[in-house]
Structures are given as C-alpha cells and as structure tokens.
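A short worksheet on the structure shown next.
As a basis for the values below, the full set of heavy atoms in this structure was taken, side chains included, without hydrogen atoms, waters or symmetry mates. Not measured: the values here are computed from a predicted model. Every chain is numbered from 1, with letters handed out A, B, ... down the list of sequences.
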Protein chains: 2
Amino acid sequence: MLTQKVLGVKGEEDPAMDGPEDTGRTAAAGRGAEGGRTVGIKDVARAAGLSITTVSHALNGKGQVSTRTRERVRQIAEELGYRPNPAAQVLLSGRTGVIGLAAGHQSSEPWERTYRPYYAAFTAGAMVEAVDRDYALVVVPVGPGTDLWTRIPMDGLIVVDPIAGDPVIDEALRRGLAVVTDGRPIDPAHAGLPYVQSDIVTGIGLVMDHLHDAGARRIGLLSGSELDSFTLDSEQTHAEWCAARHLPAAVERTAPGEPARDAARRLLATRPDAVHALNRTYGEAVLAAARELGLSIPGDLMVTVMDEAEPGARPALTTLGLDPRRVGSACAAVLIDRLTGAEPEPVTVPSRLVPGESTRRG
Amino acid sequence: MLTQKVLGVKGEEDPAMDGPEDTGRTAAAGRGAEGGRTVGIKDVARAAGLSITTVSHALNGKGQVSTRTRERVRQIAEELGYRPNPAAQVLLSGRTGVIGLAAGHQSSEPWERTYRPYYAAFTAGAMVEAVDRDYALVVVPVGPGTDLWTRIPMDGLIVVDPIAGDPVIDEALRRGLAVVTDGRPIDPAHAGLPYVQSDIVTGIGLVMDHLHDAGARRIGLLSGSELDSFTLDSEQTHAEWCAARHLPAAVERTAPGEPARDAARRLLATRPDAVHALNRTYGEAVLAAARELGLSIPGDLMVTVMDEAEPGARPALTTLGLDPRRVGSACAAVLIDRLTGAEPEPVTVPSRLVPGESTRRG
DNA sequence: TCCGCCACCCAAAAGGTTTTGGGAATCCCC
DNA sequence: GGGGATTCCCAAAACCTTTTGGGTGGCGGA
C-alpha cells in the first residue's frame with residue numbers, strides 16, 4: 001500500500017470527474033486545450049439571442065447596452081462559464097502582460113546558472129516587481145539550439161549579462177520586444193537599450209582602496225573569459241586604479257573550460273600580496289592555490305571576492321557583494337516602464353564592500 | 001560620475017540606435033508591441049508576389065511548393081526579418097507551450113512563500129523538467145484579488161497545496177486548463193485530477209518508529225491550520241500510529257495568525273517526551289518553548305521536524321526531509337504527460353528521515 | 001404625418017497565422 | 001489534340017475577441 005517508488009497509487013473514484021457544470025466543458029477540462037470546445041463569446045451570444053458585439057459590450061461595460069440586457073448577458077455568461085480566450089485578446093491588443101527573463105549564458109549549459117544564488121535572487125526580485133505592476137514573469141531558457149522562448153508570447157525580455165553581438169538581443173529586437181539588460185550592453189549596436197548594472201566601478205574602487213589601506217601594493221585580479229560589462233568594467237577599473245598609483249596590475253583569466261585553479265596558480269606566480277577574484281568559484285580557486293603554495297591568509301596574501309549571492313551574514317572572505325534581488329527588481333521596473341511608454345534611464349545598483357577575515361592584517 | 005544612488009548615468013550615443021536593419025523595425029524595436037508594425041507574413045507575401053498560403057507553406061515545408069519558390073520565399077523572409085506572431089499561432093493551434101505554476105497560498109500573502117526554500121527548489125525542478133520537454137514555465141501569483149494569471153495564455157497549471165474548494169483549481173478547469181496538484185486534492189470535486197505528493201504516510205511512520213525506538217512513548221504533533229493533504233495525512237498517520245500502539249496522541253494546531261510558540265507551549269503542556277513539528281518554523285517554536293520550560297534536548301524531549309528545503313548536510317534536528325525539486329519536476333512531468341494525451345497516474349515522491357542530534361538519546 | 005433624436009443593438013473588420021479544398025496551368029501519352 | 005495526371009499555387013475559412021461605424025425602431029415635437 002505504501003511504496004517508496006516514484007509511481008504511487010491511483011486516486012479514488014474514477015468516472016466521477018465531470019461533476020459541477022452542465023455545458024460541454026467536460027472534455028475541455030479533461031484534456032486541456034485540444035479536446036472539447038470551450039465556451040466562447042459566440043455561445044453566449046447564441047444563448048442570449050444577441051449579437052456578439054452586444055455581449056462583448058455588456059460584459060466589458062463598453063457600448064450602449066440597456067441595464068436589463070447587460071445584466072441578462074452577465075447572468076448567462078456566468079451560467080455558461082464563459083471566459084474570454086486570452087490568446088485572442090493578446091492577438092487583438094498586442095499586449096500579453098508577460099515579460100520574459102532569458103536565463104542561461106550563451107556559452108555555458110543553459111541551466112547550470114539558474115541554480116546559482118544570483119539567478120534565484122534575481123528571479124525573485126524581478127518576479128515580485130513584475131507582479132506588483134500586474135505583469136507575469138516567465139523564465140525562458142536561451143542558448144545555442146534553443147528557440148523555445150521565441151514561441152512564447154511576451155511583451156519584453158530581460159537579458160542577463162549581454163555579450164557582444166548577443167543573438168538573443170538581436171532576435172528579441174527583431175520581434176519587436178522591448179529589451180532591458182542586466183549589465184551594460186557591450187555591443188555598440190545595442191547602445192541605447194535601457195539597462196541595469198551593479199556599480200562595479202565604485203565597488204572595485206572600494207575593494208582596491210580597502211586592500212591598499214591594509215597594506216597591499218601588488219593587487220592581482222582573477223578574471224574570467226566572459227565578454228560582459230561586469231568583467232570588462234572590473235578589469236578596466238582595476239587597471240586604471242593601479243596605473244594611477246604606478247602599481248603593478250596583474251590579471252589572469254580562466255580560459256573557457258579551464259579549471260579556475262590553473263588560472264589562480266598563474267596569478268599567484270606573479271607574487272601578488274592581494275588578489276581580488278571575480279566570483280566565488282574563483283575565490284575558492286585562489287584559496288586552494290594559496291594553500292598549495294603554503295601562503296597564509298591574510299598574512300602572506302589578502303583575498304577579496306565578488307559575491308553574487310544575497311547579502312547575508314558576515315563572511316570569512318572579504319566580499320564585494322552585489323544585490324541581485326534589487327537588480328532583478330530594477331530590471332523588471334525598467335522594462336515595464338519602457339512598455340508603458342516611459343523612456344527609462346539606465347539604473348545603477350550599488351554594491352557593498354563587506355570586510356571579512358581575509359583582509360584583516362596586523 | 002559615480003553615484004551610489006539607484007539612478008545612474010545615461011548610456012553613450014543616443015540617436016544611433018536603429019542600426020543594422022533596413023526595414024521599418026526601428027519603431028518596433030523601440031516601443032515594444034504597440035509602436036511600429038512588425039513585419040508579418042502578409043508583407044513577405046507581398047514582397048515575394050505570392051499568396052499568403054504559399055509563403056506559409058514554403059516556410060513551414062508543408063504544401064507543394066517548388067524548391068525554387070521555397071528558397072526565394074525563405075530568402076525574402078530572412079531579409080525582411082519576418083517572424084511568425086506567436087499570439088496568432090497560439091490562437092490558431094490552441095497550444096501555448098507554457099505551463100503555469102500557481103504560487104502563493106490562498107490564505108497568506110501571495111509571495112511570502114515564494115522565497116521559502118520549498119518554492120525555490122520546486123520551481124527549479126519544475127522549470128528544468130518543463131524545458132526538457134519543450135515547455136516554458138511561468139510562475140503566476142494567485143490569491144484573493146489576483147486574477148492576473150487568468151489573463152495569460154497557458155496550457156496547464158500546477159497548483160501547490162490545494163485546499164478544499166480551491167478556487168484556483170475551479171477557475172483553471174473552467175478555462176479548460178489541465179491541472180496537476182502538488183498534494184492530493186482534498187475536495188471530492190477535484191478527485192480524479194492527477195497529482196503528485198510527498199510520501200507523508202511512510203515518512204511520518206518512519207519518524208514515529210524512529211522516536212519510538214529511541215524510547216519515546218508520548219509523541220506529540222505540532223500541526224498547522226491549513227486544510228491541505230499534507231497536514232491532514234500527517235495528523236491522521238500520527239493518530240493511527242498512536243492508536244495502534246495504545247499510546248497518547250497529542251496534537252496542537254496553530255490557529256491562523258497565532259504565533260507558533262503559543263501552540264508549542266500548549267503542546268508541551270501535555271508533557272510529551274517527543275514532538276514532531278510539521279515545518280521548520282514550528283520546529284523552532286518547539287525548541288523555544290522547550291527552552292522556556294528548561295527541557296533538555298534530547299534528554300527531556302526529543303524533537304523532529306519536517307523540512308521543506310532541499311536535502312542538504314546533516315542537520316542538528318532530526319528531520320523528515322521532502323524533496324521539493326523532485327516534486328516540482330514530477331508535477332511538470334505529469335502535467336505535460338496530461339497535455340500530450342497521456343492519462344498519468346498519481347505520483348508519490350519519497351521523503352527521507354535524516355537522524356540528527358535532537359533524537360540521539362543515551 | 002413627417003422629421004429628428006435617442007436608446008439600443010448589430011455587421012463587419014481587424015489582428016496574423018495555418019489549413020482545407022480546390023483551381024489553373026503544364027506535361028505526357030495515346 | 002484531347003484526357004488525365006502532375007505540379008504549383010491560391011482564396012477563403014477558422015481561431016476568438018474587440019472596436020468601429022453604422023442601423024433600426026420607437027418616441028416626442030412640429
């Protein structure tokens with residue numbers, strides 16, 4: 001009677017599944033959209049002995065319909081269980097009330113990222129904002145070989161971490177969708193799109209100042225191979241900061257597919273006294289590589305790391321924390337502003353420096 | 001130049017935003033669906049000097065079209081940047097390729113739950129399964145006063161924790177949507193719907209046996225006021241287990257809005273030697289109440305708790321762990337089976353007992 | 001009795017696509 | 001050169017709703 005297997009036991013009574021209604025909705029209820037007919041406005045009109053127009057007017061409170069008729073129509077529609085077909089309304093109005101969130105990097109496998117804290121928090125933020133403004137959010141996978149998202153009706157699309165020549169953006173624009181990106185679009189062809197970005201420039205500045213104040217003079221950067229604005233801005237700010245102070249600016253990038261630890265080893269080979277890692281994984285890699293070399297932290301090497309997750313408790317590592325939920329929320333807000341006719345400005349969401357043990361020297 | 005405020009600086013060049021294409025897509029790209037026209041099949045037909053029918057056939061590889069014509073049509077469509085309008089296809093085919101996930105209890109505020117680990121993991125599981133089977137998942141808020149979800153086109157709906165007379169289920173059926181529930185539908189009117197449930201009966205049995213083996217003889221249950229199958233099954237299994245062994249079966253429920261700790265105090269007043277709490281919050285409440293009474297754990301009181309979160313590391317409390325991701329995945333699978341014509345069986349996903357310190361006695 | 005007005009209602013178009021059921025050429029063979 | 005088979009293409013219906021631009025009938029006033 002009780003099974004540990006996935007397939008369990010059947011429910012109770014079987015043939016008693018039509019029940020309450022009287023019209024031919026039984027089949028429809030059973031088999032989704034394909035089977036039995038759903039009751040349309042035409043059916044209501046026929047039942048009321050009126051024209052489709054009048055029924056529509058009566059139900060929507062639009063035209064000139066006598067109160068008596070209006071009430072009668074409402075009554076009949078209720079009895080028949082009439083519900084306007086959303087697809088028809090979409091086709092007619094051109095508005096779906098849905099915004100999409102393109103999840104999955106172009107390069108990596110689409111869904112890996114979804115599980116990561118950044119996406120989860122981002123999605124939550126975007127969803128709440130969307131719902132508050134009467135939009136629904138659909139998370140759609142994108143990536144090479146996936147065009148599923150192009151088949152689902154929506155009004156706009158949020159693209160996370162756009163890259164140069166981002167095909168998703170091009171396709172979305174071609175379809176007449178409004179687009180907002182999380183991360184400044186790199187491609188000149190996409191300049192002018194509204195976007196939301198985390199304040200990397202200030203953030204990296206904070207990190208560098210923090211490390212410098214703690215005594216670091218050779219601050220390395222462990223970066224990635226992505227071509228998004230986050231990576232680019234991080235590298236550039238790091239470089240400029242170092243150049244302005246005539247300090248060396250070692251940068252290593254993990255090649256696509258390469259284990260981060262290899263890049264970390266290369267970076268540590270340049271003998272930095274501090275390293276900033278562009279994500280948590282890279283941070284782990286730096287720690288591991290440091291351990292290999294017998295470097296103590298923060299004594300021999302200070303480490304800071306960019307953290308995509310929600311702001312939380314005090315971390316062991318000094319982190320530059322993003323606020324993904326707020327970014328998601330801002331993306332949805334900007335997109336919906338765009339859809340409702342506004343000409344939104346780019347938004348920059350601040351990032352926070354949270355000092356931890358890994359830079360507490362002396 | 002760098003601002004900590006949310007509103008940042010404007011992007012680069014402003015008037016250079018039309019760019020690559022030649023057709024009148026500029027306006028469309030700018031203002032979403034409402035502004036400039038998108039290029040339709042009609043435009044392709046006109047440009048090719050062919051009928052709409054032939055264009056459709058050529059592009060979909062359907063009818064009898066000469067290879068030369070087919071190629072020419074493809075060419076022209078490409079040049080014009082034609083993309084079929086998804087809304088029109090939905091209207092015609094009656095299939096959207098979208099399944100909904102109704103998030104938010106009927107009673108509580110809609111979104112609180114979304115953040116909770118169960119929903120997050122459930123959503124992730126459902127989303128991956130949906131995408132694997134070429135469906136998109138849209139998470140829609142439901143609850144009193146929200147009919148947003150009824151306006152978005154979809155083929156089916158997942159309802160989490162259905163209650164008796166669940167209005168969302170009724171509405172969905174009325175619309176001809178396929179419905180699957182997470183948790184066995186309580187309402188007799190909804191019997192026959194496919195569902196997925198966690199194996200509470202076995203799970204509670206495991207917990208009770210575990211506590212009994214550890215020496216407990218007066219095992220209390222801290223329950224909630226929800227009328228879902230999870231709560232009902234838990235209470236019933238607990239009661240039957242106790243009855244079969246002629247042991248007392250104290251149960252307390254938190255009233256709606258009541259702090260869980262009050263109910264926990266009432267339960268502890270019955271002097272149980274073990275308590276099972278139906279969710280994490282209730283578990284905390286039991287611990288707090290025990291602390292008030294100076295009870296040591298597990299010495300004076302053993303505690304187990306139902307955990308909605310993902311299976312993780314060994315917990316301090318002995319937990320009965322659900323597998324929300326697998327449940328979500330199963331819900332999507334069952335729903336899509338239904339949509340593709342199958343008559344799916346109810347699915348039961350096993351739950352796991354993970355012993356922790358709170359029942360380690362002697 | 002006729003005109004105009006008002007209250008109420010309706011036909012048809014529009015929205016964009018797919019599919020059905022032909023129709024018009026062209027070709028082959030007798 | 002005519003019949004039939006092919007080949008290629010097209011008009012129109014269907015999907016379901018909303019909105020535009022009337023249209024009809026009754027009533028009051030002249």
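Across all strands, A/R70 comes closer than 4.0 Å to no nucleic acid atom at all (heavy-atom distances). Nucleic acid contact for A/R83: sugar-phosphate only, since backbone atoms but no base atoms lie under 4.0 Å from a heavy atom of the residue. Heavy atoms of B/Q64 sit under 4.0 angstrom from at least one base atom. As judged by a 4.0 angstrom heavy-atom cut-off over every strand, A/S93 is placed among residues making no nucleic acid contact. Counting non-hydrogen atoms under 4.0 angstrom, A/L50 reaches the backbone sugars and phosphates but no base.
Taking every side-chain heavy atom of B/V65 into account, D/dC9 is the closest of C/dC9, C/dG15, D/dC9. In the set D/dT18, C/dG16, C/dT17, the nucleotide with an atom closest to the side chain of A/N60 is D/dT18. Considering only the side chain of A/T53, C/dA11 comes nearest among C/dA11, C/dT20, C/dA14.
The main-chain N or O of B/H57 is never found under 3.5 Å from a side-chain atom of B/N60 such that the two would form a donor-acceptor pair. The backbone N or O of A/P162 lies less than 3.5 Å from no partner atom in the side chain of A/D228, so there is not a single donor-acceptor pair. Remark: the backbone N or O of B/A48 is paired with a side-chain donor or acceptor of B/R72 at under 3.5 angstrom.
For B/R151 and A/D134, the salt-bridge test passes: some basic side-chain N is under 4.0 Å from an acidic carboxylate O. Between A/R133 and A/D337 there is a salt bridge, with a side-chain nitrogen of the basic residue lying less than 4.0 Å from a carboxylate oxygen of the acidic one. Between A/R175 and A/E171 there is a salt bridge, since at least one side-chain N of the basic residue sits less than 4.0 Å from a carboxylate O of the acidic one.
Atom CZ of B/R68 is separated from atom C1' of D/dT7 by 14 Å (rounded to the nearest Å). Between B/I41 atom CD1 and C/dG16 atom P there is a gap of 12 Å when expressed in whole angstrom units. Here D/dC16 presents its C1' atom at 20 Å from CZ of B/R95, a figure rounded to the nearest Å. Rounded to whole angstrom, the span from the CG atom of A/L59 across to the P atom of C/dC9 amounts to 13 Å. We find that CG of A/L91 is positioned 13 Å from C1' of C/dT18, with the value rounded to whole Å. Rounded to whole Å, atom P of D/dT17 lies 11 Å from atom CG of A/L92. Atom CD1 in B/I52 sits roughly 14 Å away from atom C1' in D/dC9 (whole-Å rounding). When rounded to the nearest whole Å, the span between CG of A/N85 and C1' of D/dA14 equals 13 Å.
With DNA chain C read from its 5' end, the first of the two nearest nucleotides for B/A88 and B/H57 is the one closest to B/A88. Remark on DNA chain D: of its neighbouring residues B/S51 and A/K62, the 5'-side contact belongs to B/S51, judged by nearest-heavy-atom nucleotide.
Side-chain atoms of A/S66 stay outside donor-acceptor range of the base of C/dA7, with no qualifying N/O pair under 3.5 Å.
Contact between the side-chain N/O atoms of A/Q89 and the OP1/OP2 oxygens of D/dT18 is found at a separation under 4.0 Å. Considering only side-chain N and O atoms, B/Y82 lies nowhere under 4.0 angstrom from the phosphate OP1 or OP2 of C/dG16. Regarding contacts with the backbone of D/dT18, a side-chain N or O of A/S56 is found under 4.0 angstrom from either OP1 or OP2.
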